[in-house]
Amino acid sequence: MLNHVNIFYYGDIPDAGGSASENNKNNFAEVNWPLWEVFIRSKQGLDHKHVGSLHAADAAMAIENARDVYTRRMEGVSIWVVRSEDIHASNPDESGMLYEPANDKVYRHPTFYNIPDSITHM
Amino acid sequence: MDHLHNYLLHLADNALILGHRNSEWCGHGPVLEQDIALTNISLDLLGQARYFYQYAASRAGAGVTEDSLAYLRDTREFKNFLVLELPDSDWGFTVLRQYLFSQYQYLLYEKLVDASDQEIAAIAEKSLKEVAYHVRWSKEWVIRLGDGTTESRKKMIASWNILKDYVGEFFIASDEEKMLTESNMAVDPVTLREKWISLVNPVFEEATLEFRLQKWTQQGGRQGMHTEHLGYLLAEMQYMQRTYPGMEW
């Protein structure tokens with residue numbers, strides 16, 4: 001169905017005519033580096049936050065690429081990378097069963113206590 | 001002009017010319033991540049060039065600015081190493097040249113941190129961290145490609161066959177370097193040679209490339225005797241200032 005769509009990848013645009021689509025489809029895993037998810041800690045004491053993803057041949061390159069792509073504007077002091085395929089996600093179709101039962105259980109929030117005046121920053 | 005002026009221009013021109021060569025990859029890198037990585041390095045080098053030009057301009061006085069030094073001098077007045085103006089044939093050439101120069105530049109700045117001239121010492125200290133990363137990034141690529149596929153290895157060998165005729169120029173002391181070294185304002189490059197070889201050698205070994213630094217070398221960049229490539233580079237880089245003198249944006 002999508003056979004008429006030519007897929008070009010960054011830096012891989014043919015000089016003249018032709019289409020890279022067949023080639024790219026058949027050798028996707030061979031010609032593309034694996035995808036990595038990048039997590040950056042913005043400053044001491046805060047946790048690592050997901051900032052995006054990138055391609056790299058291995059973990060060392062992934063960290064260097066993350067440094068060059070995601071910390072150019074002083075965003076971070078620490079980088080984590082993990083192969084995207086190693087991340088397992090919950091299924092959005094199951095969100096009703098997974099999350100809605102919690103909706104009517106407000107008593108799980110610690111909001112029914114009187115906080116003494118001497119406690120601040122709560 | 002005095003020795004220090006010439007030395008500052010040499011340091012600045014090296015950074016500017018290689019920075020410009022690298023910037024030619026902007027939008028053409030093999031993958032987006034590396035395109036950005038090399039552009040970052042270009043910007044680091046451009047920043048270093050600016051510091052040296054600004055210092056040279058402040059000493060030179062009337063009418064001389066960092067822009068006039070970068071954009072209004074002709075080929076014969078540029079003092080960069082010849083190897084830095086060579087056009088890029090492929091990514092392998094780019095990363096190998098970057099590694100060989102960055103490794104030299106690292107050793108140089110490491111010494112210049114202790115220079116008797118406060119300005120030079122400060123610029124060297126600030127630049128050293130940038131260059132340390134340039135070394136790390138380019139070294140990684142030299143090893144990957146040298147010890148990579150048949151094709152990448154072939155290109156790395158071809159690149160070294162060109163570069164080996166030029167890198168010896170790093171270690172020839174110019175007249176101003178000899179003079180300035182006496183007052184500890186410059187580094188005698190001859191003293192960096194052995195250390196450089198001892199650092200580059202294991203990297204080539206890991207990349208399974210043969211490394212042998214020959215005695216003969218192309219030279220003349222310090223004296224303004226350049227390859228034909230610099231003229232084309234300057235024509236593009238200086239076009240705007242030459243066509244619209246004094247323009248700002």
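Within every chain, numbering begins at 1; the chains are lettered A, B, ... in the order of the sequence lines, protein sequences first and strands thereafter.
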For chain A, which residues from residues 119-136 of chain B have at least one heavy atom closer than 4.5 Å to it?
-> B:Y133, B:R136
Do any of residues 39-53 of chain B come closer than 4.5 Å to chain A, heavy atom to heavy atom, and if so which ones, in number order?
-> B:N40, B:L43
Would you call [X] and [Y] a side-chain contact if the rule is heavy atoms closer than 4.5 Å?
X	Y	answer
B:L11	B:L108	yes
A:Y70	A:L54	yes
B:R212	B:W160	no

Relative to B:F78, does B:R73 satisfy both conditions: NZ or CZ under 6.0 angstrom from the six-membered ring centre, and within 45 degrees of the ring's axis?
-> yes
Run the salt-bridge test on A:E64 and A:R67 with the 4.0 Å N-O cut-off and return the result as yes or no.
-> no
Gap separating the [atom1] atom of [X] from the [atom2] atom of [Y], nearest 0.5 angstrom:
X	Y	atom1	atom2	result
B:H28	B:E24	NE2	CD	9.0 Å
A:L35	A:R83	CG	CZ	9.0 Å
B:Y71	B:T65	OH	OG1	10.5 Å

Has the side chain of A:H55 got a donor or acceptor atom that lies under 3.5 Å from a matching backbone atom of A:W33?
-> yes
